[in-house]
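Below, each value reflects all heavy atoms present in this structure, side chains not excepted, and no hydrogens, waters or symmetry copies. Each chain gets a letter, A, B and so on, in the order the sequences are listed, and its residues count up from 1. Here the structure is a predicted model, which is why all the values come from computation and not from measurement.
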Amino acid sequence: MKFQLNPQQQAAVDCCDRPLLVLAGAGSGKTGVITQKVVHLVRQQALLPEKIAAITFTRKAAREMRQRVARQLGEQAAQVWISTFHALGLRILREEAERLGYRPGFSIFDPQDSLTLLREILHDSATREDLERVRWQISAWKNDGLGPDDAPGEPNTLEVFRGYQERLKHYNAFDFDDLVAQPGALLTSDAECRERWQWQFRHVLVDECQDTNSCQYRLLRLLIGARTGLTAVGDDDQSIYGWRGARPDNLEQLQRDFPDLSIVKLEQNYRSSGTILKAANALIAQNPHTFSKALWSELGEGDPVALRPCQDPADEADQVVAAILERKFTRKAQPGDFAILYRSNHQARALEQALRGHRLPYRVSGGPSWFERGEIKDLICYLRLLANERDDAAFLRVINRPRREIGAGTVDKIAEAAARRDVALLAASRHLPATVAARSAARVRDVVQWLDDLKAAALTPGQMLQRVVDDTGFRDFIAREAADEATGRSRARSVDEFVKWVSGMDGGLTEVIQQLSLGDEDSEDASDDRVRLMTLHAAKGLEFPYVFMVGVEEGVLPHRNSLDDGQLEEERRLMYVGITRAQQSLTISWCQARRRFGEVSDEGVSRFVAEIPDELVHRHGAQDVSSPQTAKAHLAGLRDMLGDL
DNA sequence: ACGCCACCTATTTTT
DNA sequence: TAGGTGGCGT
């Protein structure tokens with residue numbers, strides 16, 4: 001496939017002699033630009049592929065980009081460093097671990113492991129909420145590039161932070177935030193190392209730059225040496241992650257950090273109708289801007305934006321379903337052409353009910369992923385423990401799964417011994433204290449012996465995992481543990497799938513685990529033809545022919561907790577992101593009444609709706625479908641007309 | 001180890 | 001209102 005670039009896109013690709021900021025509006029073809037630029041750097045600028053880094057936020061974006069680069073560069077694409085910030089950080093850490101006092105084969109703790117760790121530090125009086133709060137705080141500090149010595153906080157919270165970091169190191173483990181923070185700290189303090197990495201890359205490209213937090217931005221800057229090219233792509237109007245530390249003003253910071261920065265704006269949109277873009281432009285114009293931008297398109301004006309007041313969420317859901325059925329009929333649209341977007345997850349419930357009721361296939365995005373499922377996490381922990389015997393979190397997870405009748409008392413005694421001798425739980429299990437009863441001691445020795453044998457056998461990660469499953473009877477254990485037979489079967493199946501998946505991976509144990517720890521290979525199936533339900537946050541980067549934004553009410557969007565200090569602007573951007581997902585048709589609806597904590601609230605339509613000019617909208621009112629009764633009747637009529645869908 | 005009840009809280013979430 | 005958590009009893 002060959003891309004026709006418009007003049008602005010071409011300018012962005014061609015600009016290689018100075019740092020560049022590409023302000024890429026929604027749907028302006030920025031992925032194509034990044035892809036083409038990588039190709040250009042290799043083909044025209046004669047850069048070696050391994051001298052180029054393209055950084056994204058999600059694995060999905062990275063995968064997409066790699067595929068598109070591969071389509072043009074073929075084999076060479078594999079040499080380009082296309083990865084997420086975290087994967088890049090991991091790759092740096094793998095080479096520099098020793099400098100930080102870590103050993104090869106280190107573990108990566110997920111948030112759950114972090115919670116386990118904090119539970120040890122904060123002893124038993126802490127509730128789950130306390131632990132979550134502390135974890136959140138520590139993570140926020142790290143994302144701001146702060147450590148226990150410079151973070152602003154209560155002395156005892158900082159003490160917890162310090163203890164947390166010390167323990168992580170003791171376990172030879174990093175948490176997710178460390179994957180970016182530690183390379184940043186290392187390259188800051190170690191000039192030799194910094195130069196080496198600056199030498200590594202001749203050009204760095206960053207996607208979604210407005211989403212970088214302080215820590216990511218610091219790492220980015222540290223990678224840019226005197227001879228390193230930079231292409232930053234971003235859209236300040238789509239910055240919706242301020243609440244988790246993203247700094248959209250990093251786009252402005254670029255101008256200060258790189259005085260010779262060029263700026264290219266991509267304003268032609270290839271996705272939406274003119275009407276939808278005008279609505280989006282008008283809305284976002286209400287926000288203050290450093291960089292102004294107006295999207296336009298050649299796709300024609302299209303339908304007006306439909307505005308629909310509804311009685312309550314159930315009525316709203318019925319109306320959305322009615323509209324979907326109608327369009328399935330009149331425009332031969334497929335379920336997969338529709339997306340329903342909302343501010344918060346619980347809003348999905350009413351919609352799911354209505355969709356189920358009318359046999360419309362749907363998919364809710366944002367459930368727990370494969371790797372978060374308990375049985376998969378168990379298996380990953382076995383591998384982690386085999387690669388890094390200091391990984392106490394993995395040890396604790398695995399020691400009694402499947403049941404080995406090693407009681408809490410025994411584990412406590414092992415933990416005491418480990419603490420006393422300052423060794424890991426697994427090491428302590430090899431020299432059990434005399435206080436452990438002979439029976440328990442024998443059981444522990446058996447597991448440890450088995451683990452040691454497994455480690456000594458020269459096996460691939462896949463074979464190792466297969467042995468774990470076989471030797472422990474893991475499938476049966478997992479199946480028996482499930483509440484009902486069906487979930488038992490499905491879990492056993494997912495164990496098999498996982499073993500197969502790991503067997504297909506290449507690399508040694510360490511690489512495989514570190515891959516796995518970074519998360520799911522999301523099994524996004526383009527062919528699956530279902531109505532998509534998701535939050536506005538989850539919708540970023542996606543597009544759909546028909547979009548419904550529901551619950552566009554004061555208190556919901558903008559959310560009631562975001563009415564002050566600049567957060568309102570982020571809520572408006574959220575609305576903007578929602579609008580710009582739509583290709584042909586956009587329907588905005590809200591409820592007159594919504595049950596909230598038991599009480600009926602009626603805050604009414606969102607202020608954002610009034611920010612869309614009148615001439616762009618079509619208001620549905622009482623004469624259309626407005627009461628639940630008529631909506632139901634309308635639906636019934638449609639059903640008769642279309643047959644049972 | 002499991003089930004029941006009282007209590008609390010109530011956005012957005014990737015890696 | 002509802003769903004999740006934590007404490008407590010069997």
Q.
According to salt bridge (Lys or Arg N to Asp or Glu O under 4.0 Å), who are the partners of A/R135, at least two apart in sequence or on a separate chain?
A. A/E132
Q: Using only side-chain N and O atoms of A/N561, determine if any of them is under 4.0 Å from OP1 or OP2 of B/dT12.
A: no
Q: With sequence neighbours excluded, tell me which residues meet side chain to side chain donor-acceptor pair (under 3.5 Å) with A/E352.
A: A/Y362
Q: Could I get the full list of salt bridge (Lys or Arg N to Asp or Glu O under 4.0 Å) partners for A/K540, not counting sequence neighbours?
A: A/E208, A/D211
Q. According to a strict under-4.0 Å criterion, is A/T535 in side-chain N/O contact with OP1 or OP2 of B/dT13?
A. yes
Q | Under-4.0 Å side-chain N/O to phosphate OP1/OP2 contact, A/N345 with B/dT11 | A | no
Q. So does A/R356 have more than 12 non-hydrogen atoms from other groups sitting under 6.0 Å from CZ?
A. yes
Q. How far, in whole Å, is B/dT11 from C/dG4 if one measures between their P atoms?
A. 13 Å
Q. Out of B/dT11, C/dG3, B/dT15, which nucleotide sits closest to the side chain of A/R349?
A. C/dG3
**Q.** Length of the line joining A/E208:CD and B/dT15:P, which is rounded to integer Å
**A.** 12 Å
Polar pairs (N or O, both sides) under 3.5 Å between protein and nucleotides 1-7 of chain B?
{"unit_1": "B/dA1", "atom_1": "OP1", "unit_2": "A/R403", "atom_2": "NE", "d": "3.3"}
{"unit_1": "B/dA1", "atom_1": "OP1", "unit_2": "A/R403", "atom_2": "NH1", "d": "3.3"}

Q) What do you reckon, do A/F597 and the base of C/dT1 stack, with centroid distance below 5.5 Å and planes below 30°? A) no
Q.
Return a single string for nucleotides 5-10 of chain C, one symbol per nucleotide in 5' to 3' order, where B is base contact, S is sugar-phosphate-only contact and - is none, cutoff 4.0 angstrom on heavy atoms.
A. SS----
Q. When rounded to the nearest Å, what value does the distance between P atoms of B/dT12 and C/dG3 take?
A. 15 Å
Q | Those residues that, when tested against A/R572, pass salt bridge (Lys or Arg N to Asp or Glu O under 4.0 Å) (two or more places apart) | A | A/E611
Q: Mind jotting down which residue pairs meet the side-chain hydrogen bond (donor to acceptor under 3.5 Å, both in side chains) criterion with at least one end in residues 393-402 of chain A? Sequence neighbours excluded, please.
A: A/D378-A/R397, A/D378-A/R401, A/R401-A/E481
Q) Within the modelled atom types, does a donor on one side and an acceptor on the other bring the side chain of A/R595 and the base of C/dT1 under 3.5 Å apart? A) no
Q) Quick one: on DNA chain B, does A/T84 or A/R343 contact a more 5' nucleotide (nearest heavy atom)? A) A/R343
Q: Name all residues meeting the salt bridge (Lys or Arg N to Asp or Glu O under 4.0 Å) criterion together with A/R167; count only those two or more places apart in sequence or in a different chain, and write none if there are none.
A: A/E120
Q | Stacking of A/H537 on B/dT12 base (centres under 5.5 Å, planes under 30°) | A | no
(Q) Going by the rule ring pair (Phe, Tyr, Trp, His ring centres under 6.0 Å), which residues pair with A/F176 if we only count those two or more places apart in sequence or in a different chain? (A) none
